[in-house]
Amino acid sequence: GNPIDPNEEIVENMCPEDCNMNGECENGVCVCNPGYIGATCAGNLNAPPELVAIRNPHCDIRAKRSCLVEVAGLNFIPSDNLKCKYTEGTTEVVVAAIWLGDSVECQGYEPFPADHRGSEERTITVAVTNDGTAYSGT
């Protein structure tokens, strides 16, 4: 063949991120091993997400008394089971999460009563699950 053309065998066996060593490359497409999903086989169905940072936490105590939090991390898998759990003391509230790729947006949590004036400092933790059972950091 033409010495300028790339080797077809090499091109057919090139996959993004080498399928993260969690699958086989077939004609440039990752075929994931059991338990892994995604175009690069990076999604591990058997591991909870790993949280890295909280971006733009926002609690609107005057209008809705609710909080929206974007959590950055690894191993977020888009599914109906992707959820966030807010914990404050012994109170746990599970809410919907929107998958954004390398982060999720945890939907509204209302930690404040209607008469709250925002005078006290409070600590609320956030965890994320892909399957509704195994949460990050647990």
Q | Cluster link Trp99 to Leu74, ILVMFWY, side chain under 4.5 Å | A | no

Q.
When you group the ILVMFWY residues by side-chain heavy-atom contacts below 4.5 Å and let the links chain together, are Val128 and Val52 in the same group?
A. no

Q: Verify the distance criterion only: is there a donor paired with an acceptor across the side chains of Asp131 and Thr129 at less than 3.5 Å?
A: yes

Check: [Y] and [X] side chains under 4.5 Å, non-hydrogen atoms:
| X | Y | value |
| --- | --- | --- |
| Phe76 | Pro49 | yes |
| Leu45 | Asn130 | no |
| Glu105 | Leu100 | yes |

Closest non-hydrogen atom pair between [X] and [Y], with its separation:
| X | Y | result |
| --- | --- | --- |
| Gly38 | Cys32 | O-SG, 3.4 Å |
| Val95 | Gln107 | CG2-O, 3.6 Å |
| Ala134 | Pro48 | O-CB, 3.6 Å |

Expected output: side-chain [X] to main-chain [Y] donor-acceptor under 3.5 Å:
| X | Y | result |
| --- | --- | --- |
| Thr87 | Glu92 | no |
| Asn20 | Cys41 | no |
| Asn75 | Ala47 | yes |
| Asn44 | Asn46 | yes |

At what distance, to the nearest 0.5 angstrom, does [atom1] of [X] lie from [atom2] of [Y]?
| X | Y | atom1 | atom2 | result |
| --- | --- | --- | --- | --- |
| Lys83 | Asn81 | NZ | CG | 7.0 Å |
| Met21 | Thr40 | CE | OG1 | 13.0 Å |
| Asn22 | Ile37 | CG | CD1 | 11.5 Å |

Q: Please identify each residue that fulfils ring-ring contact (aromatic ring centres under 6.0 Å, His included) with Tyr86, with sequence neighbours left out.
A: Tyr109

Q) Does Asp102 come within less than 4.0 Å of Arg55, counting only side-chain N to carboxylate O? A) yes

Q: Decide, based on the SG atoms alone, whether Cys15 and Cys30 are under 2.5 Å apart.
A: no

Q. Between Cys84 and Cys106, does the SG-SG distance stay under 2.5 Å?
A. yes

Q.
Going by side-chain hydrogen bond (donor to acceptor under 3.5 Å, both in side chains), name the residues that satisfy it together with Glu24, two or more places apart in sequence or in a different chain.
A. none

Q) Name the one of Leu82, Leu51, Ile98, Val69 that satisfies side chain to side chain contact (heavy atoms under 4.5 Å, CB included) with Val104? A) Leu82

